[in-house]
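Below is one structure, written out as structure tokens; the observations come after it.
Residue numbers begin at 1 in each chain, while the letters A, B, ... track the order of the sequences. Side chains included, hydrogens not; waters and symmetry mates left out as well; all remaining heavy atoms used.
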Amino acid sequence: MIDIIALIQDKVMEGVEHLYQEKIDRSKVALNTTRKEFEGDYTVVVFPFTKAAKKGPQQVGEDLGQFLVENVDQIKAFNVIKGFLNLVVDDAYWKQFLESVVNSEDYGQHPSNGKKIMVEFSSPNTNKPLHLGHIRNILLGWSCSRIFEAAGYDVIRTQIVNDRGIHICKSMVAWQQFGNGETPESTGLKGDHFVGKYYVAYNNEDKKQKAALEAEGKDKEETAIMKSARDLLQKWEANDEEVRKLWASMNGWVYEGFNATYDKLGVRFDKLYYESDTYLLGKDAIDKGLEKEVFYKKEDGSVWIDLEDAKLDHKLVLRSDGTSVYMTQDIGTASQRYDDYKIDEMVYVVGDEQNYHFKVLFEIMKRLEAPFANGLYHLSYGMVDLPTGRMKSREGTVVDADDLVEEVIAEAHEGTKERGDLGAFSEEEQKEIIRKIGMAALKYFIVKVNPQKRMVFDPKESVDLQGNTGPYIQYASVRINGVLQRAAKEGLDFSGAIDPSLNLETIEKDILLQIYEYPNVVLNAAKDYDPSVIASYCYNLAKNFNKFWHDHSIFNAETEAEKIFRLKMSKIIGYTLKNGMDLLGIEMPERM
RNA sequence: GGUCUCGUAGCUCAGUUGGAUAGAGCAGCUGACUUCUAAUCAGCAGGCCGCAGGUUCGAAUCCUGCCGGGAUCACCA
């Protein structure tokens, strides 16, 4: 299949050189799809050539249009409006395109590019359950990892589990003091919620003790429970057997809970890194950096890097007592990952409050001349706000991930009772379909927003099933299933050739152009680390299909040739929607 | 204060390497189910693209300044 876009660009360059004896750069050839109001498929902007031509835009358009029609078989007509050269591509080209993809169920999957990329996402602390902010992180990370796979990368999904530190010690101390030996089993609580309960208990107790200290006129920062937590942290670092045992079992409970949530969200990881294993890493790199004079040592023994020439200030990489900071650990972990997998690229999906941290980290890796330094990327995403403002754990406005999932599924259940057509399914199957619809609503709502932007999460809107939503796109796909199933049932074979004399409707051509673009859309989404590109694409394709469906009956088409053509169209639209939504982590139901 | 980032319809968001009269959805109003699923489709209404300059044949898009929101600038993670 000839790449029509590249072909037009080549011929435009050729045409300008032939007509006006001047070579132009490929980047000067702006090629857009033609706007709806005008006739044509692709539009060349001719303004950039007027200088070379020494003619007005209208004349240049006429010249170039004439040249293209004469020299490119696939272009059968043109018109020029105000400096825009609209080109009409021969229907035969689009029919041939449809034939070439109609049996490619994996349409949009690029061949391997030989590159290995690691995507880190989620990476929660282990002292409380996941919330809405994690959901954005997880969905972005998962979707990007799928997009990279579709773009031809070998992908390794990972997270760094923040399993040690003062936060988990707080939950531990509260459990010791108030737990009476309870477990998730004995209470029927999900593990992460169980541990989170003790984190809350810790904070309540700490607050109480602070108030008491303040009343006595003492330093309110030094509460007894805080001291106990710090004591636990020290014992943990000293490898105290009992403390380690408690730590392991509490983390174990949390992991069970997290895994249940990951399952519900449909994500998994290939490799887990635990902070308890990596928190001491990075010191070798600091030593080497000191030798190379990338770092410098202050009199107190602390080690720093001067990044002022990169507009980044001075940054500590090792404390005066020789212990690591977060940065040290990240330097070490990055190298560890490279050693483990020989990755070409590494993407960190982390909130935008850490933009500065990653700028510094990447700059350090460059100065240390790490072989993967140029493949590092921080996929920074904005915080999720509620219509009432920010989520604040102190004010109890944090939206819990598990509650949210339950809520959207309940809403999908209501919607299905009203509108659904699931009579033919068993209860079990119906539940599964409703789950897919609810999850589609939630996931699409989050992933359709450009990652770098802060977003407002309105729970009411997130469960909408109409308009620019996940279920809208699922509905288009379900309609397609309907026609294809009917075709199968009627024994209708539409594998034959498309009638060469068939005229394409405008909407049919629009759809073919759009599907033609899909593989490029995947590459662009990968290049920009941006799932929202795929989301808009799927929505627009579903919208076009719904219009097509409304305006043109498939089974009651006027001719057999039209019916066959439209069935082929339906099939490829179905694949493309399914493949696109899969890149967002969204599953398609059979019916709804 | 320094650095970074965002600002588009009442609300939530799109808007390709700068291209034609800035687009969707929701909310509001009007129409369309005897038909392959109306979770749909068609229409009306809604805009100083934060403000002011600049670059350009052409700016929501690039540059500068200002205004407004957010983040960050720890021997915290």
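Across B:A77, B:A71, B:C4, the shortest atom-to-atom separation from the side chain of A:Glu353 is found for B:A71. Of the candidate nucleotides B:A39, B:U40, B:C6, B:U40 has the atom nearest to the side chain of A:Asn546. Across B:A39, B:C36, B:C4, the shortest atom-to-atom separation from the side chain of A:Tyr475 is found for B:A39.
For the residue pair A:Asn251 and A:Thr126, a side-chain donor N or O sits within less than 3.5 Å of a side-chain acceptor on the partner. In this structure, a donor-acceptor pair under 3.5 Å is absent between the side chains of A:Tyr356 and A:Asp313. Side-chain polar atoms of A:Tyr444 and A:Asn468 form a donor-acceptor pair below 3.5 angstrom. Between the side chains of A:Asp3 and A:Tyr516, at least one donor N or O sits under 3.5 Å from an acceptor N or O.
B:G15 and B:A60 are spaced 16 Å apart, taking the P atom of each and rounding to whole Å. If you take atom P in B:A9 and the same atom in B:G46, they sit 15 Å apart, rounded to whole Å. Separation of the P atoms belonging to B:U56 and B:U61 is 16 Å when rounded to the nearest angstrom. When the P atom is used for both B:C62 and B:G18, the distance is 8 Å, rounded to whole Å. Nucleotides B:G54 and B:A59 are separated by 11 Å at their C1' atoms, to the nearest Å. Rounded to whole Å, the C1' atom of B:A38 lies 45 Å from the corresponding atom of B:A71. Atom name C1', nucleotides B:U16 and B:A39: the rounded distance is 31 Å, in whole Å. Spacing between B:U8 and B:U3 at atom C1', rounded to whole Å, works out to 26 Å.
Residue A:Val478 is classed as a base contact, given a heavy-atom separation below 4.0 Å to a base. Contacts of A:Asp385 with the nucleic acid, taken as non-hydrogen atoms under 4.0 Å apart, are absent. Nucleic acid contact class of A:Ile166 (heavy atoms, under 4.0 Å, all strands): none. Nucleic acid contact class of A:Arg390 (heavy atoms, under 4.0 Å, all strands): sugar-phosphate only. Within 4.0 Å of A:Val483, counting heavy atoms only, lies at least one base atom of the nucleic acid. Residue A:Thr416 is classed as a base contact, given a heavy-atom separation below 4.0 Å to a base. Note on A:Arg35: a base of the nucleic acid sits closer than 4.0 angstrom, heavy atoms only. Counting non-hydrogen atoms under 4.0 angstrom, A:Gln329 reaches nothing in the nucleic acid. Note on A:Asn125: nothing from the nucleic acid sits closer than 4.0 angstrom, heavy atoms only. Using a 4.0 Å heavy-atom cutoff across all strands shown, A:Val449 reaches sugar-phosphate atoms only and no base atom. Among the protein residues, A:His552 comes within range of the nucleic acid bases, having at least one heavy atom under 4.0 Å from a base atom. Nucleic acid contact for A:Tyr539: sugar-phosphate only, since backbone atoms but no base atoms lie under 4.0 Å from a heavy atom of the residue. Residue-level contact check: A:Gln474 touches neither bases nor backbone, having no heavy atom under 4.0 Å from any strand. The residue A:Met383 sits apart from the nucleic acid: no heavy atom pair falls under 4.0 Å.
Nearest-nucleotide positions on RNA chain B place A:Asp458 closer to the 5' end than the other of A:Pro48 and A:Asp458. If A:Lys543 and A:Met327 are placed on RNA chain B by their nearest nucleotide, the residue sitting closer to the 5' end is A:Lys543.
In this model, no side-chain donor or acceptor of A:Thr469 finds a partner on the base of B:A39 within 3.5 Å. Taking only distance into account, the side chain of A:Asp551 never meets the base of B:A42 through a donor-acceptor pair shorter than 3.5 Å.
Under a cut-off of 6.0 angstrom, the local environment of CD in A:Glu558 is sparse, with at most 12 non-hydrogen atoms contributed by other residues, nucleotides or ligands.
Syn is the glycosidic conformation of B:C33, whose angle stays within 90° of 0.
The CD atom of A:Gln466 sits 5 Å away from the P atom of B:U40 (whole-angstrom rounding). In this structure, A:Glu221 atom CD and B:C76 atom C1' are separated by 14 Å, rounded to whole Å. What separates CG of A:Asn540 from C1' of B:G23 is a distance of 10 Å, to the nearest Å. Atom CE of A:Met455 and atom C1' of B:G7 are 17 Å apart (whole Å). Summarising the geometry, the separation between CD on A:Glu461 and P on B:G10 is reported as 15 Å, rounded to the nearest angstrom. Remark: P of B:G25 and CG of A:Leu465 are 16 Å apart, rounded to the nearest angstrom. To the nearest angstrom, C1' of B:U3 lies 9 Å from CG of A:Asp313.
In this structure, A:Phe358 and A:Tyr348 have tilted ring planes: the angle between them lies in the 30° to 60° band. Between A:Tyr326 and A:His357, the angle of the ring planes stays under 30°, which puts this pair in the parallel group of the 30/60° scheme.
Annotation: cation-pi geometry satisfied between A:Lys298 and A:Trp304 (NZ/CZ under 6.0 angstrom from ring centroid, within 45° of ring axis). The cationic atom of A:Arg591 (NZ for Lys, CZ for Arg) does not lie both less than 6.0 Å from the six-membered ring centre of A:Phe425 and within 45° of the ring axis. Geometrically, A:Arg479 does not engage A:Phe545 in a cation-pi contact, judged by NZ or CZ lying under 6.0 Å from the ring centre and within 45° of the ring axis.
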Subject >> Steps toward ring-ring contact (aromatic ring centres under 6.0 Å, His included) verdict (A:Trp236, A:Tyr279) >> reply: CA-CA 13 Å; A:Trp236 183 90; A:Tyr279 81 112; 5.6 Å; yes

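An aromatic stack links A:Phe84 and the base of B:A20, using centre distance under 5.5 Å and interplanar angle under 30°. Ring-base stacking between A:Tyr356 and B:A71 is not satisfied when judged by a centre separation under 5.5 Å and a plane angle under 30°. Ring-to-base geometry does not place A:Phe47 in a stacked arrangement with B:G58 (centre distance under 5.5 Å, plane angle under 30° required).
Checking the phosphate oxygens (OP1, OP2) of B:C76, a side-chain nitrogen or oxygen of A:Arg319 falls inside 4.0 Å.
Taking a pair as Watson-Crick or G-U with both hydrogen-bonding distances under 3.5 Å, the stems of three or more pairs touching RNA chain B are B:1-7 with B:67-73, B:10-13 with B:23-26, B:28-32 with B:40-44, B:50-54 with B:62-66.
Taking both residues in full, the closest heavy atoms of A:Tyr20 and A:Val60 are given as OH-CA, 3.5 Å, listed atom of the first, atom of the second, then distance.
Shown for residues 51-65 of chain A: no residue has heavy atoms falling under 4.0 angstrom of RNA chain B.
Counting only heavy atoms from C-beta outward, the side chains of A:Thr416 and A:Leu465 never approach each other to under 4.5 Å.
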Using a 3.5 Å cut-off and no angle test, enumerate the donor-acceptor pairs between side-chain atoms of residues 379-389 of chain A and protein atoms at least two apart in sequence or in another chain.
from, atom 1, to, atom 2, distance (Å)
A:Ser380, OG, A:Asn355, OD1, 2.8
A:Tyr381, OH, A:Asn137, ND2, 3.1
A:Asp385, OD1, A:Arg454, NH2, 3.1
A:Asp385, OD2, A:Arg454, NE, 2.7
A:Asp385, OD2, A:Arg454, NH2, 3.4

